[in-house]
S.K.: 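Shown below is the structure under consideration.
Within every chain, numbering begins at 1; the chains are lettered A, B, ... in the order of the sequence lines, protein sequences first and strands thereafter.
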2 protein chains.
Amino acid sequence: MKLINKDTDYAVRALMELSSGGDSYLSVKSISDKQNIPYQFLRRVIAPLIKKGIVKSKEGSEGGLKLALNPAKIKVIDLIKIYHKEFKMSECMFRGKPCCNREGCALRREVIRIERCVTAEFEKMTIKTLLQK
Amino acid sequence: MKLINKDTDYAVRALMELSSGGDSYLSVKSISDKQNIPYQFLRRVIAPLIKKGIVKSKEGSEGGLKLALNPAKIKVIDLIKIYHKEFKMSECMFRGKPCCNREGCALRREVIRIERCVTAEFEKMTIKTLLQK
DNA sequence: TTAACTGATACTAAAATAGTATCAGTTAAG
DNA sequence: CTTAACTGATACTATTTTAGTATCAGTTAA
Ligand code: FES
Ligand code: FES
């Protein structure tokens with residue numbers, strides 16, 4: 001019943017690191033060293049953040065990354081959505097097909113309710129709120 | 001971010017079926033037919049329920065299953081724990097080893113908080129409450 | 001005796017997860 | 001104008017989890 005996978009974990013940690021980096025560019029290498037994250041893995045994790053406009057990158061020597069958004073604008077829910085293809089808990093998908101029991105499934109109704117609560121929590125959670133604690 | 005896997009799904013549906021079966025024994029075959037659950041899969045799912053004393057079985061012809069407990073005593077949280085080896089969301093285990101970042105991880109603290117809430121919900125949820133809705 | 005059952009495993013296939021490797025292009029500095 | 005330090009983009013592998021199947025043995029009622 002894992003809510004967070006390594007991709008999300010590493011992304012959050014990298015973004016927290018970038019938040020403390022001010023306006024200068026930090027290389028992926030330096031982040032991976034500081035946070036003990038496998039370098040190639042971290043590069044792959046960061047790629048979608050650049051595409052989505054959460055992180056800005058500068059190529060070449062002396063290049064690197066910096067935040068494109070204020071840490072208060074970077075929601076954990078958005079990160080989770082990036083790294084879990086099937087995000088919703090209540091879709092009840094198995095092998096790409098929806099569970100045959102969906103209409104009228106009592107368990108599903110309850111899972112939907114719980115999901116709304118969990119989603120709301122991750123919606124409130126940002127890189128900024130994580131840094132504050 | 002799936003909370004419920006097929007094992008738990010099938011177990012809940014089978015237990016709901018058994019609840020409506022009164023005091024007579026229902027065969028796994030009849031449950032699998034009614035609920036559209038693969039027969040062999042269902043047998044494997046039910047095995048631990050028998051061992052844990054949630055379901056009573058009778059061998060031989062005319063044998064089958066019936067509930068060993070009142071539906072109000074069968075908590076969904078217990079079922080989830082049976083079928084997810086690593087139940088806790090916040091343990092942050094990867095490949096059997098705990099995440100190296102656990103002490104002081106801001107994200108983990110928050111996941112622990114959310115987990116408590118989700119667990120409490122599944123604690124309240126029983127076969128009886130599911131049947132009522 | 002036999003058909004309808006459960007008990008217990010062992011097996012397979014597909015997907016998700018975690019991690020690695022490689023080749024290409026860009027840029028700043030010497 | 002070359003080279004070292006970077007990012008961009010994929011393609012690959014290994015492990016674990018999830019879903020589902022197959023099989024053999026034992027039990028019981030008719
Ligand atoms: S809809 Fe799939 S378990 Fe209920
Ligand atoms: S402890 Fe593993 S992500 Fe925080």
S.K.: Measuring from the side chain of A:Glu62 (C-beta onward, heavy atoms only), which nucleotide among C:dA28, D:dA19, D:dG8 has the closest atom?
M.R.: C:dA28

S.K.: Side chain of B:Tyr10 only, heavy atoms from C-beta on: which candidate in D:dA19, D:dG20, C:dA18 is closest?
M.R.: D:dG20

S.K.: Please give, in whole Å, the distance from C:dT17 C1' to A:Asn5 CG?
M.R.: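 It is 8 Å, rounded to the nearest whole Å.
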
S.K.: Please round to the nearest 0.5 Å and tell me the distance separating atom CG of A:Leu107 and atom CG of B:Leu130.
M.R.: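 One finds 6.0 Å between CG of A:Leu107 and CG of B:Leu130.
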
S.K.: To the side chain of A:Ser61, which of D:dT7, C:dT6, C:dT27 is closest?
M.R.: C:dT27

S.K.: Looking only at side-chain atoms of B:Leu65, point me to the closest of D:dT21, D:dG8, C:dT6.
M.R.: C:dT6

S.K.: Roughly, in whole Å, what's the span from CG in B:Leu42 to P in C:dC5?
M.R.: 14 Å

S.K.: With both distances under 3.5 angstrom, what nucleotide forms a Watson-Crick or G-U wobble pair with C:dA18?
M.R.: D:dT13

S.K.: Check whether A:Thr129 reaches the backbone of A:Met125 with its side chain - one donor and one acceptor, N or O, closer than 3.5 Å.
M.R.: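 No, because the side chain of A:Thr129 does not come within donor-acceptor range (under 3.5 Å) of the backbone of A:Met125.
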
S.K.: Which nucleotide in the set C:dT20, C:dG7, D:dA19 lies at the smallest distance from any side-chain heavy atom of B:Asp7?
M.R.: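 Nearest listed nucleotide: D:dA19.
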
S.K.: For A:Tyr10, is the NZ or CZ atom of A:Arg13 found under 6.0 angstrom from the centre of its six-membered ring and inside 45 degrees of the ring axis?
M.R.: no

S.K.: Of the nucleotides C:dT6, C:dT20, D:dG20, which one has an atom closest to the side chain of B:Tyr39?
M.R.: C:dT6

